[in-house]
Visitor: 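Starting off with a structure, shown below.
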Amino acid sequence: MNLIEALQNLNYIAVVIAAITSYVLGFVWYHWAVFGKAWANTLGLSKEEADNTEGLGGAFAISLVSGLSKTLLIALLLSALNTSGVLIGAFFGAVVAIVFTATSLGYYNGFARTSAKLTLINSAHSVTELALIGAIIAAFN
């Protein structure tokens with residue numbers, strides 16, 4: 001596979017939509033009314049502390065870069081595999097997230113003695129995020 005050619009042939013409308021959707025999902029997922037309260041409680045944060053975004057500019061920037069890079073990689077992989085279809089894309093994204101992110105969070109957080117609940121919230125977000133990205137990209141293929 002010629003990487004430059006593969007990058008030129010990506011559907012960048014799908015990439016942008018999927019990356020933005022990824023970012024929106026994070027906002028919704030960690031909202032107090034969804035999983036934000038449980039997430040904050042596992043970290044010992046009050047609602048005020050969890051809502052305070054002061055000093056988190058770098059984290060938000062990394063989040064944007066992360067969403068875009070994950071979206072580009074999923075798009076490249078689905079293109080290389082000549083894969084299309086929402087369900088196949090969602091399944092592919094979920095498998096990638098389980099294999100790389102959820103398992104890594106499991107052992108990182110295990111050794112750090114972090115709450116299993118935190119690991120579950122963050123892992124489920126990753127699986128949902130990459131499944132959504134895969135579904136969007138594959139729908140456009």
Side-chain angles (χ1 to χ4, degrees), residues 1 3-141:
M1 173 171 109
L3 183 59
I4 300 300
E5 186 178 313
L7 284 168
Q8 290 172 340
N9 291 327
L10 290 181
N11 183 331
Y12 283 98
I13 292 172
V15 169
V16 168
I17 291 170
I20 290 169
T21 302
S22 160
Y23 198 75
V24 171
L25 174 68
F27 176 79
V28 171
W29 192 271
Y30 292 101
H31 188 277
W32 197 258
V34 183
F35 294 108
K37 184 176 183 179
W39 174 83
N41 286 340
T42 64
L43 294 169
L45 299 173
S46 68
K47 183 172 183 349
E48 293 74 29
E49 291 169 320
D51 287 344
N52 183 0
T53 59
E54 186 178 326
L56 294 178
F60 283 111
I62 290 170
S63 176
L64 283 170
V65 170
S66 171
L68 183 57
S69 63
K70 288 182 276 191
T71 302
L72 281 171
L73 180 63
I74 294 291
L76 281 170
L77 291 172
L78 288 172
S79 176
L81 295 170
N82 197 25
T83 303
S84 63
V86 173
L87 292 178
I88 293 171
F91 178 75
F92 180 82
V95 167
V96 169
I98 290 166
V99 169
F100 291 105
T101 307
T103 58
S104 294
L105 283 174
Y107 71 79
Y108 293 153
N109 291 351
F111 283 113
R113 295 172 178 88
T114 304
S115 164
K117 190 173 188 178
L118 180 65
T119 301
L120 182 61
I121 292 168
N122 291 335
S123 294
H125 170 263
S126 180
V127 171
T128 304
E129 176 190 29
L130 292 189
L132 189 58
I133 288 170
I136 292 168
I137 296 297
F140 281 84
N141 283 351

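What's counted below: heavy atoms across the whole structure, side chains too, no hydrogens, waters or symmetry copies.
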Visitor: The criterion is side-chain contact (heavy atoms from CB on, under 4.5 Å); which residues satisfy it with Phe91, sequence neighbours excluded?
Guide: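 Here the qualifying residues are Val95.
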Visitor: Of all residues at least two apart in sequence or in a different chain, which pass the salt bridge (Lys or Arg N to Asp or Glu O under 4.0 Å) check with Lys47?
Guide: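 Checked Lys47 against salt bridge (Lys or Arg N to Asp or Glu O under 4.0 Å); matches are Asp51.
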Visitor: To the closest 0.5 Å, what do you measure between CG (Leu76) and OG1 (Thr71)?
Guide: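 The OG1 atom of Thr71 is 11.0 Å from CG of Leu76, to the nearest 0.5 Å.
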Visitor: Looking at residues at least two apart in the chain, or sitting in another chain, which of them share a side-chain hydrogen bond (donor to acceptor under 3.5 Å, both in side chains) with Asn122?
Guide: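 Residues passing side-chain hydrogen bond (donor to acceptor under 3.5 Å, both in side chains) with Asn122: Tyr30.
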Visitor: If only atom types and distance count, is the side chain of Ser123 paired as donor or acceptor with the main-chain N or O of Leu120 below 3.5 Å?
Guide: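 No, because the side chain of Ser123 does not come within donor-acceptor range (under 3.5 Å) of the backbone of Leu120.
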Visitor: How would you list, by chain and number, every residue that makes a side-chain contact (heavy atoms from CB on, under 4.5 Å) with Thr83, sequence neighbours excluded?
Guide: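 If we apply the side-chain contact (heavy atoms from CB on, under 4.5 Å) test to Thr83, skipping adjacent residues, the hits are Leu78, Leu81, Ile88.
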Visitor: Kindly say whether Ala59 contributes a backbone atom to a donor-acceptor pair with the side chain of Ser63 at under 3.5 angstrom?
Guide: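 Judged by distance alone, no pair lies under 3.5 Å.
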Visitor: Which side-chain N or O atoms in residues 96-104 pair as donor and acceptor under 3.5 Å with protein atoms at least two apart or in another chain?
Guide:
| unit_1 | atom_1 | unit_2 | atom_2 | d |
| --- | --- | --- | --- | --- |
| Thr101 | OG1 | Ser126 | OG | 3.3 |
| Thr103 | OG1 | Val99 | O | 2.5 |
| Ser104 | OG | Phe100 | O | 2.6 |

Visitor: Indicate yes or no: at least one non-hydrogen side-chain atom of Ile133 is less than 4.5 angstrom from one of Phe92.
Guide: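 A side-chain contact is absent here, since even the closest heavy-atom pair is not under 4.5 Å.
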Visitor: Tell me, please, which residues at least two apart from Phe140 pass ring pair (Phe, Tyr, Trp, His ring centres under 6.0 Å).
Guide: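 Testing Phe140 for ring pair (Phe, Tyr, Trp, His ring centres under 6.0 Å), a comparison that skips the adjacent residues, returns none.
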Visitor: Among pairs that include at least one residue of residues 83-98, which meet salt bridge (charged side-chain N to carboxylate O under 4.0 Å, His left out), considering only residues two or more places apart or in two chains?
Guide: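 Counting only pairs at least two positions apart or across chains, no salt bridge (charged side-chain N to carboxylate O under 4.0 Å, His left out) contact touches residues 83-98.
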Visitor: Measuring from Asn9:CG to Asn141:CG, what's the distance to the nearest 0.5 Å?
Guide: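 Those atoms lie 11.0 Å apart.
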Visitor: Side-chain polar contacts of residues 14-22 - donor-acceptor pairs under 3.5 angstrom, sequence neighbours left out - could you list them?
Guide:
| unit_1 | atom_1 | unit_2 | atom_2 | d |
| --- | --- | --- | --- | --- |
| Thr21 | OG1 | Ile17 | O | 2.7 |
| Ser22 | OG | Glu129 | OE2 | 2.4 |

Visitor: If you measure from OG on Ser69 to CD1 on Ile62, what distance do you get to the nearest 0.5 Å?
Guide: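 Between atom OG of Ser69 and atom CD1 of Ile62 there are 11.0 Å.
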Visitor: Counting neighbours of OH on Tyr12 that are heavy atoms of other residues, nucleotides or ligands and sit closer than 6.0 Å, is the number greater than 12?
Guide: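 Above 12, so yes.
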Visitor: Sub-3.5 Å donor-acceptor pair from the side chain of Trp39 to the main-chain atoms of Val34, do we have one?
Guide: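 Pair absent, no side-chain N/O of Trp39 close to backbone of Val34.
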Visitor: Which pairs with one or both residues in residues 75-86 pass salt bridge (charged side-chain N to carboxylate O under 4.0 Å, His left out), sequence neighbours excluded?
Guide: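 Residue pairs with at least one partner in residues 75-86: there are none.
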Visitor: Does any part of the side chain of Leu10, heavy atoms only, come nearer than 4.5 Å to the side chain of Ile137, both counted from C-beta?
Guide: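 They are not in contact (no side-chain heavy atoms under 4.5 Å apart), so the answer is no.
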Visitor: Please report the closest heavy-atom contact between Val86 and Ala139, naming both atoms and the distance.
Guide: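 Closest pair (atom of Val86, atom of Ala139, distance): CG2-CB, 3.6 Å.
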Visitor: Check the angle between the aromatic planes of Trp29 and His125 and answer parallel, tilted or perpendicular using the 30° and 60° thresholds.
Guide: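 Perpendicular.
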Visitor: Would you give me the side-chain donor-acceptor pairs under 3.5 Å for residues 107-115, sequence neighbours excluded?
Guide:
| unit_1 | atom_1 | unit_2 | atom_2 | d |
| --- | --- | --- | --- | --- |
| Asn109 | ND2 | Thr119 | OG1 | 2.8 |
| Ser115 | OG | Lys117 | N | 3.0 |
| Ser115 | OG | Leu118 | N | 3.4 |

Visitor: Apply side-chain contact (heavy atoms from CB on, under 4.5 Å) to Glu48 and list each qualifying residue two or more places apart in sequence or on a separate chain.
Guide: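 Per chain and number, Glu48 pairs via side-chain contact (heavy atoms from CB on, under 4.5 Å) with Ser46.
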Visitor: Listed by chain and number, what are the side-chain contact (heavy atoms from CB on, under 4.5 Å) partners of Ala131, not counting sequence neighbours?
Guide: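 Residues passing side-chain contact (heavy atoms from CB on, under 4.5 Å) with Ala131: Ala90, Ala94.
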